[in-house]
Asker: 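For reference, the structure I am asking about is given below.
What you see below is based on every heavy atom in this structure, not just the backbone, and it leaves out hydrogens, waters and symmetry mates. Predicted model only: the values in this text are computed from it and were never measured.
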Amino acid sequence: RLIQSVPSQKAEPFKRWLAQVGYERIQEIENPELAQDRAKEYYELKGYPKDWIDKRLRGIAVRQELTDEWKKRGIEEQKDFAILTNEISQSTFGIPIKKHKEIKDMDPKFKNQNLRDHMTDLELIFSMLGERLTTEATRKRDAQSFPESLDAAKEGGTVAGRARKDAEKTFGIKVVSPENYSGLTKKKKLEKK
């Protein structure tokens, strides 16, 4: 409103840009696929590979289904979502989210960084598995409160954690890796120059 009230001709390009952004967001409300396309485009511009982007977008859908399930069951506080998510991560990867971010060398002063944007393919897949299994456990248990949802998060994450451990043992690999897709995309951009 403040920008729209500025009478200067120099403000006109900014006003047009604001109007365009507003129009695009309204279109995305009517057709959510447009928002997904925009997210895909942003990841492409950052240099992420197409197959990684597909996994990341699928992970967003899995996460959304889980959080919708939690909301239906009375989970509303952001801190509760964070605790439940951390429990899934702890049970799936054997480490809390904070430690996972340290392994990825993520700067703690940037609070809005999303760990998933720094995950490898396997980390994304196991993260999705933990969240999808937690959705199943939540429904099967008919969890109706935070404590019941926490039990379901432990159960879903534990099953995913067993799968991770089996994969690590069978293939002699470590799923949790210091490899960071953010760093890889920066490296690719430098190589192109």
Asker: Apply side-chain contact (heavy atoms from CB on, under 4.5 Å) to Thr158 and list each qualifying residue two or more places apart in sequence or on a separate chain.
Answerer: Ser91, Arg162
Asker: In the structure I gave you, are the side-chain heavy atoms of Leu122 and Ile173 within less than 4.5 Å of one another anywhere?
Answerer: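 Side-chain contact under 4.5 Å: yes.
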Asker: Checking side-chain contact (heavy atoms from CB on, under 4.5 Å) for the pair Glu136/Glu155: CA distance, chi angles, key distance, verdict?
Answerer: CA-CA 10 Å; Glu136 289 301 315; Glu155 184 177 30; over 6 Å; no
Asker: Can Lys50 and Asp54 be counted as an ion pair, charged N to O under 4.0 angstrom?
Answerer: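 So Lys50 pairs with Asp54 through a salt bridge.
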Asker: Could you check whether any side-chain heavy atom of Asp51 comes within less than 4.5 Å of a side-chain heavy atom of Asp121, counting everything from C-beta outward?
Answerer: yes
Asker: With no hydrogens and no angle check, do the side chains of Arg56 and Tyr43 hold a donor and an acceptor under 3.5 Å apart?
Answerer: yes
Asker: Is there a donor-acceptor contact under 3.5 Å from the side chain of Glu148 to the main chain of Gln144?
Answerer: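 Checking the backbone N and O of Gln144 against the side chain of Glu148, a donor-acceptor pair under 3.5 Å is found.
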Asker: Looking only at atom types and distance, does a side-chain atom of Thr170 sit under 3.5 Å from a main-chain N or O of Ala167, one as donor and one as acceptor?
Answerer: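 No; judged by distance alone, with no hydrogens or angles, the pair does not exist.
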Asker: Under 4.5 Å between any side-chain heavy atoms of Asn180 and Met119, yes or no?
Answerer: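 Sidechains of Met119 and Asn180: no contact.
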Asker: List the steps, then state whether side-chain contact (heavy atoms from CB on, under 4.5 Å) holds for Thr85 with Arg63.
Answerer: CA-CA 10 Å; Thr85 301; Arg63 172 73 182 170; 2.8 Å; yes
Asker: Can you name the one residue among Thr135, Asp80, Leu84 that meets side chain to side chain contact (heavy atoms under 4.5 Å, CB included) with Trp70?
Answerer: Leu84
Asker: Run the salt-bridge test on Arg139 and Glu69 with the 4.0 Å N-O cut-off and return the result as yes or no.
Answerer: yes
Asker: As a test of understanding, state which of Val175, Val176, Thr120 forms a side chain to side chain contact (heavy atoms under 4.5 Å, CB included) with Phe126.
Answerer: Val175
Asker: With the threshold set at 4.0 Å, does a side-chain nitrogen-carboxylate oxygen contact exist between Lys174 and Glu179?
Answerer: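 Salt bridge absent between Lys174 and Glu179.
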Asker: Applying the side chain to side chain donor-acceptor pair (under 3.5 Å) test to Glu123, which of His118, Lys104, Lys55 qualifies?
Answerer: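 The residue from His118, Lys104, Lys55 that satisfies side chain to side chain donor-acceptor pair (under 3.5 Å) with Glu123 turns out to be Lys104.
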Asker: Any ion pair linking Arg164 and Glu168 (charged N to carboxylate O, less than 4.0 Å)?
Answerer: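 Salt bridge: yes.
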Asker: Quick check on side chain to side chain contact (heavy atoms under 4.5 Å, CB included): which of His100, Glu102, Lys101 does Lys98 satisfy it with?
Answerer: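 Of the listed options, the one satisfying the test is Glu102.
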